[in-house]
Number of protein chains: 2
Amino acid sequence: MTVTRPRRTDPLTLEVVELIGAVVARYYQEYEEAAARHGLTGAQARVLSLLALEPLPMRQIAQRLKCEPSNITGIVDRLEARQLVERQPSPGDRRVKVAAPTEEGARVARSLRDSLDFAREPLAGLSRDERLALRDMLKTMVGAE
Amino acid sequence: MTVTRPRRTDPLTLEVVELIGAVVARYYQEYEEAAARHGLTGAQARVLSLLALEPLPMRQIAQRLKCEPSNITGIVDRLEARQLVERQPSPGDRRVKVAAPTEEGARVARSLRDSLDFAREPLAGLSRDERLALRDMLKTMVGAE
DNA sequence: TATTGTTATACTCTATAACTATA
DNA sequence: TATAGTTATAGAGTATAACAATA
């Protein structure tokens, strides 16, 4: 009797896994370069882009980026020094400081977002059905805990 | 007369682009955690994994990782202090130092590689044709200059 | 002279722990 | 007492510039 086990060494799967690693490295690097073109570090760009979606208390920024809250102080300090972000008081709780992008900060965030063409270009060559299939595949990858 | 231009704001494409960003963030973080479980930083894990494929001179490590050669000195120092990597002389050129994994380093590199199940799992749910399509798509993304 | 690897320096990111001001 | 944000500290990664050994 033959027992079917998952073949972890399926060559095609391994090739895809390696390609995913390569895409991640490429994307990450392109993101750093795009940030640098805007005079930002990667971490600063990530925080600014996050706040451009929605202003957030310091602690919640840390939760989203999965790092310690103490790190956010310095990153927001540097964004604030460049007048891209402001610390605003929270009406309900005087301990809380809400970080929000300035108008200039919002502009930089938009420009940064628009400059991330890397991932967009290859998608142009796909049919709608292919993009749908890719979307579902990626959703599975993000959703898997 | 209507001119057809690429629609950069196609909602499906934007969704896929955002998903790619999410996958990259997820993968990157999982890699850091896998490295940490082996007592390594992300950079150390990347260098060790690279050397496990093939020993390389210091300068070539920097080229592969797209960083300055001076950074590699410290990373290899720390890997060498833990006896995961050795600096070996190059027969032809006495200026060159070839970094090569020790036996223990090779073991750690294999263990690290095996622990990167994150990307592999969701692929199991795909048909062979889907995986082929995904492979071609990823190849396009990596290959695009 | 040019190249390889290193050192020295400065900046940023990161986690940990202790502190402050509020709650 | 608990929580939000900060400060202090130490380790690591990064780029730049200058250096020693070798080509």
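Chain letters run A, B, ... following the sequence lines, proteins first, then strands; residues in each count from 1. Computed over heavy atoms, backbone and side chain alike; hydrogens, waters and symmetry mates excluded.
Taking a cutoff of 4.0 Å between a charged side-chain nitrogen and a carboxylate oxygen, A:Asp77 and A:Arg87 qualify as a salt bridge.
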Pairwise N/O distances under 3.5 Å, protein to nucleotides 15-17 of chain C:
residue	atom	partner	partner atom	Å
C:dA15	OP2	A:Glu68	N	2.9
C:dA15	OP2	A:Asn71	ND2	2.6
C:dA15	N7	A:Asn71	OD1	2.9
C:dT16	O4	A:Ser70	OG	2.6

Check your understanding: Can you give the dot-bracket line for DNA chain C, where a pair is Watson-Crick or G-U wobble with both atom distances under 3.5 Å, crossing pairs use [ ], and | marks a partner on another strand?
Key -> |||||||||||||||||||||||
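Residue pairs meeting the salt bridge (Lys or Arg N to Asp or Glu O under 4.0 Å) criterion with at least one member in residues 55-75 of chain B, sequence neighbours excluded, are B:Glu54-B:Arg64.
Looking only at side-chain heavy atoms (C-beta outward), B:Tyr28 and B:Val23 stay at 4.5 Å or farther from each other. Counting only heavy atoms from C-beta outward, the side chains of A:Leu48 and A:Gln44 never approach each other to under 4.5 Å. Residues A:Thr102 and A:Val85 form no side-chain contact, since every pair of their non-hydrogen atoms from C-beta on lies 4.5 Å or further apart. Counting heavy atoms from C-beta outward, B:Thr73 and B:Ile75 have side chains that stay 4.5 Å or more apart.
Contacts between residues 41-65 of chain A and DNA chain C, defined by a heavy-atom separation under 4.0 Å, are made by A:Thr41, A:Ala43, A:Gln44. Contacts between residues 33-40 of chain A and DNA chain D, counted as heavy-atom distances below 4.0 Å, involve no residue at all. Of the residues in residues 85-97 of chain A, those lying under 4.0 Å from DNA chain D by heavy-atom distance are A:Arg87, A:Arg95, A:Val96, A:Lys97.
By the side chain to side chain contact (heavy atoms under 4.5 Å, CB included) test, A:Ser111 is found to be paired with A:His38, residues two or more places apart in sequence or in another chain being considered. Partners of B:Glu103 according to the salt bridge (Lys or Arg N to Asp or Glu O under 4.0 Å) rule, which considers only residues two or more places apart in sequence or in another chain, do not exist here. For the salt bridge (Lys or Arg N to Asp or Glu O under 4.0 Å) test, no residue two or more places apart in sequence or in another chain qualifies with A:Asp136. Applying the salt bridge (Lys or Arg N to Asp or Glu O under 4.0 Å) criterion to A:Arg135, with sequence neighbours excluded, gives B:Glu15. Every residue two or more places apart in sequence or in another chain that forms a side chain to side chain contact (heavy atoms under 4.5 Å, CB included) with B:Arg110 is listed here: B:Ala106, B:Arg107.
With A:Gln29 as the partner, the side-chain hydrogen bond (donor to acceptor under 3.5 Å, both in side chains) test is satisfied by one option alone out of A:Glu32, A:Arg26, A:Glu33: A:Glu33. Exactly one residue among B:Ile61, B:Val47, B:Val98 makes a side chain to side chain contact (heavy atoms under 4.5 Å, CB included) with B:Leu56. That residue is B:Ile61.
If you measure from atom CD of B:Glu80 to atom C1' of C:dT6, you get 13 Å, rounded to the nearest angstrom.
Bounding nucleotides for the chain B contact on DNA chain D, 5' to 3', at a heavy-atom distance below 4.0 Å, are D:dA12 to D:dA23.
B:Thr13 and A:Arg131 share a side-chain donor-acceptor pair at under 3.5 Å.
As judged by a 4.0 angstrom heavy-atom cut-off over every strand, B:Ile75 is placed among residues touching the sugar-phosphate backbone only.
The residue among A:Gly74 and B:Asp77 whose nearest nucleotide of DNA chain C lies closer to the 5′ end is B:Asp77.
The two residues A:Leu51 and A:Ala99 come nearest to each other via the heavy atoms CD2-O, 3.5 Å.
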Point to revise | Residue pair A:Tyr31, A:Ser49: steps toward the side chain to side chain contact (heavy atoms under 4.5 Å, CB included) verdict | key: CA-CA 12 Å; A:Tyr31 192 89; A:Ser49 299; 3.6 Å; yes
